[in-house]
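Structure first, commentary second.
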Amino acid sequence: MLFNGVIAANVMKSWTVEAASMPDGSQVELAGWVWDVREVGKIRFIILKDREGSIQVTVKKGDAPQGVWDAAAGLVKEDVILVKGVVKASRIARSGVEVMPSELRVLNRSKPLPIDIWGNVAQTELDARLRYRTVDLKRPESLVIFKASSAAVRAIRESLYDRGFIEVFTPKIISTSTEGGADLFPVQYFDAVAYLAQSPQLYKEELTASLERVFEVGPAYRAEKHSTTYHLNEFISVDLEAAFMNYRDVMSILEDVIINVYSNALKVPGVTDMNREISVPKKPFAVVSYDDALDMLGRKGINVKWGDDIPKEGLEALTGEIGSPFFLVNFPTSLRAFYTMPIEGDPSRSESFDLVIDGVEIVSGATRIHDRKLLENALISRGLNPANFESHLAAYEWGMPPHAGWGLGFYRLLMVMLRRSNIREVVLFPRDRNRLTP
RNA sequence: GCCUCGGUCGUUCAGCCUGGUCUAGGAUGCGGGCCUGUCGAGCCCGAAACCCGGGUUCAAAUCCCGGCCGAGGCGCCA
């Protein structure tokens, strides 16, 4: 006997965790999935699970209605059921309460699952887990990850709204490479070729001329054939840009954002099981200049030529030395994107920064150039043609304010915060070099 | 794109080095049976696998070659 939509609309179910704190004798209606059935002769125990937890439903032969007893007999793991019954305090049941059902309806049947979600098998390979991601997401650990993910975006939004930022949306289908460099995915756009945006960079800068303080949480696409545990071809970027601020100002905002993300994620039950050392970072974060970082690395035998990027090994060594998180500032101008503001009086260095957590680059930002002439020269010095950026450059002639901003790799932040060894774990349906489904 | 490692029941771990004793073992999941307080339930029974192709050999899960797939590292990465 299957369920239909009309009945579904009438379900006023409680979360299992709510039932656990109800007084003895309360009537409840619960809906969820069969996590386990333990049959002990004339008693059948059903562990009913929902997103928030689980509760034991106890069916005694002769005590429960015969129909409930019969229905309980056929249950298998992950069957979807609706239970009405009475909450009963119990010294035997784990949570202190159990539900004695007066009604038990099977809303849908489940086949045996293709992967283990109960923790009975050591560690299912990530590839298999992602292939059956909808099933994998039933694992309690997966639920914690995506609750933490939600708490994190929410913390970001609240922090930024509180500081006068406006949330915006910029196009993800664009006409040309915004900045040159990273490879873009071409898409057919009617009769033209368009590309998936690699970053909202130029749009958000243009918006500072009107909306002043903006941020966007959205996808970014890179057609790079990398295969690492911390790169994806589609990822969520948190981008911020603010008029009348410099890099130090937006670094300070970033500190608050990171602190709020950590403190809100910590409130999610289960997060500390994934990262036992997790703690809310304290302001101010350590700040190290690129030049000083090179010196520190040199003393450790890691030689980086001035003007070269600091390799992952170097970032890890610096984390060991400085702690985490820390800011790396004042990168060589040549190492950064064309819109990065050089330091006045020291133009080979720039008003730029990265935020590094546990050896991973999480955020990258800078004061931007707001003068058209300077910006054109910066393009030219990188071998880019200003003519290709004309519509962007034009904005700089109509009252472009001084501005600064940053871009934060949301999945990377989650990965380091939750101590996952692979970024794919914190992404519902990751897109990488060889993964386009599910 | 490069390097290293790997591919055995649905999942997961063993067997491979040292070819035969593998009719391929364990766990979990699945099916059946017993049990009125289980909660990692227990006990008994059952079904279920050597990535593909070629080679060496009397004999290949095991050794060799190629392919495909995966993991990790590197490179690339506004």
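Letters A, B, ... mirror the listed sequences (proteins, then strands); counts begin at 1. In what follows, every heavy atom counts, from backbone to side chain, and hydrogens, waters and symmetry copies are set aside. Just so it is clear, the structure is predicted and the values come from calculations on it, not from any experiment.
Remark: the A:Gln56 side chain and the B:rU38 base include a donor-acceptor N/O pair separated by less than 3.5 Å. Put simply, the side chain of A:Arg38 and the base of B:rG40 share no donor and acceptor less than 3.5 Å apart.
Backbone-only contact: A:Asn434 has heavy atoms under 4.0 Å from sugar-phosphate atoms and none from a base.
Of the candidate nucleotides B:rA78, B:rU11, B:rG37, B:rA78 has the atom lying nearest to any side-chain atom of A:Arg222. Of all nucleotides listed (B:rU12, B:rA41, B:rG72), B:rA41 comes nearest to the side chain of A:Val40. Between B:rC76, B:rG37, B:rG29, one nucleotide has an atom nearer to the side chain of A:His231 than all others, and that is B:rC76. Considering only the side chain of A:Pro112, B:rC30 comes nearest among B:rC30, B:rC77, B:rG72. Comparing B:rG70, B:rU11, B:rC74 by their nearest atom to the side chain of A:Tyr230 picks out B:rC74. Residue A:Ile43 places its side chain closer to B:rG37 than to any other of B:rG70, B:rU28, B:rG37. Here B:rU38 is the nucleotide among B:rU12, B:rU11, B:rU38 with the atom lying nearest to any side-chain atom of A:Phe45. In the set B:rU36, B:rU11, B:rC74, the nucleotide with an atom closest to the side chain of A:Val121 is B:rU11. Taking only side-chain atoms of A:Asp127, from C-beta outward, the nucleotide of B:rU38, B:rG70, B:rC74 with the closest atom is B:rG70.
With both ends at atom C1', the span from B:rC52 to B:rG70 equals 15 Å, rounded to whole Å. Spacing between B:rC76 and B:rG67 at atom C1', rounded to whole Å, works out to 26 Å. Taking atom C1' on both nucleotides, B:rA14 is separated from B:rG26 by 7 Å, rounded to a whole Å. B:rC16 and B:rG73 have their C1' atoms separated by 26 Å, given to the nearest Å. B:rA27 and B:rC43 are spaced 10 Å apart, taking the P atom of each and rounding to whole Å. Between B:rC13 and B:rG29, the distance separating the two C1' atoms is 15 Å to the nearest Å. For B:rC45 and B:rU28, the P atoms lie 14 Å apart once the distance is rounded to whole Å. Going from the P atom of B:rC30 to that of B:rG10 covers 15 Å, rounded to whole Å.
A:Glu205 places no side-chain N or O within 3.5 Å of a backbone atom of A:Arg368 that could act as its donor or acceptor partner.
Along RNA chain B, the nucleotide nearest to A:Glu39 and the one nearest to A:Lys77 differ in position, and the one closer to the 5' end is contacted by A:Lys77. Ranked by how close their nearest RNA chain B nucleotide is to the 5' end, A:Ser421 and A:Arg412 are led by A:Ser421.
Nucleotide B:rC69 holds its P atom 18 Å from the CG atom of A:Leu126, rounded to whole Å. Here the P atom of nucleotide B:rA78 and the OH atom of A:Tyr195 are 17 Å apart, to the nearest Å. Computed from coordinates, the A:Lys61 NZ to B:rU38 C1' distance equals 18 Å when rounded to whole Å. To the nearest angstrom, C1' of B:rU36 lies 15 Å from CD1 of A:Ile46. Distance A:Gln123 CD to B:rU12 C1': 10 Å, rounded to the nearest Å. Atom CZ of A:Arg382 is separated from atom C1' of B:rA78 by 11 Å (rounded to the nearest Å). When the P atom of B:rC77 is taken as reference, atom CZ of A:Phe235 falls 14 Å away, rounded to whole Å. Between A:Glu98 atom CD and B:rG37 atom C1' there is a gap of 8 Å when expressed in whole angstrom units.
For B:rC35, there is no paired nucleotide, since no Watson-Crick or G-U wobble pair has both relevant distances below 3.5 Å. Figure legend. B:rC63 is base-paired to B:rG55; pairs are counted as Watson-Crick or G-U wobble with both atom distances under 3.5 Å. With both pairing distances under 3.5 Å, B:rG1 is matched to B:rC74 as a Watson-Crick or G-U wobble pair. Pair assignment for B:rG46 gives B:rC30, based on Watson-Crick or G-U wobble hydrogen-bonding distances that are each under 3.5 Å. If you check B:rA41 for Watson-Crick or wobble pairing at under 3.5 angstrom, you find it has no partner at all. Remark: B:rC68 base-pairs with B:rG7. Criterion, Watson-Crick or G-U wobble with two distances under 3.5 Å. Using the Watson-Crick or G-U wobble rule with both distances under 3.5 Å, B:rA24 pairs with nothing in any strand shown. Base pairing of B:rC16: no nucleotide in any strand meets the Watson-Crick or G-U wobble criterion (both distances under 3.5 Å).
Using a 4.0 Å cut-off between charged nitrogen and carboxylate oxygen, A:Lys49 and A:Asp36 do not count as a salt-bridge pair. Using a 4.0 Å cut-off between a side-chain N of Lys or Arg and a carboxylate O of Asp or Glu, A:Glu255 and A:Arg248 do not qualify as a salt bridge. Salt bridge annotation for A:Arg431-A:Glu234: absent, with no cationic side-chain nitrogen under 4.0 angstrom from a carboxylate oxygen. Remark: A:Asp358 engages A:Arg419 in a salt bridge, criterion side-chain N to carboxylate O under 4.0 Å. Remark: A:Glu29 does not engage A:Lys13 in a salt bridge, criterion side-chain N to carboxylate O under 4.0 Å.
Put simply, the residue from A:Phe353, A:Trp406, A:Tyr247 that forms a ring pair (Phe, Tyr, Trp, His ring centres under 6.0 Å) with A:Phe327 is A:Phe353.
At B:rA71, one or more side-chain N or O atoms of A:Arg435 fall inside 4.0 Å of OP1 or OP2 (strictly under the cut-off). Applying the 4.0 Å criterion to OP1 and OP2 of B:rC74, one finds that A:Thr228 has every side-chain N and O outside that range. Residue A:Asn233 has no polar side-chain atom (N or O) positioned under 4.0 Å from OP1 or OP2 of B:rC77.
The side-chain tip of A:Arg382 does not point at the ring of A:Phe338 from less than 6.0 angstrom away and within 45° of straight on.
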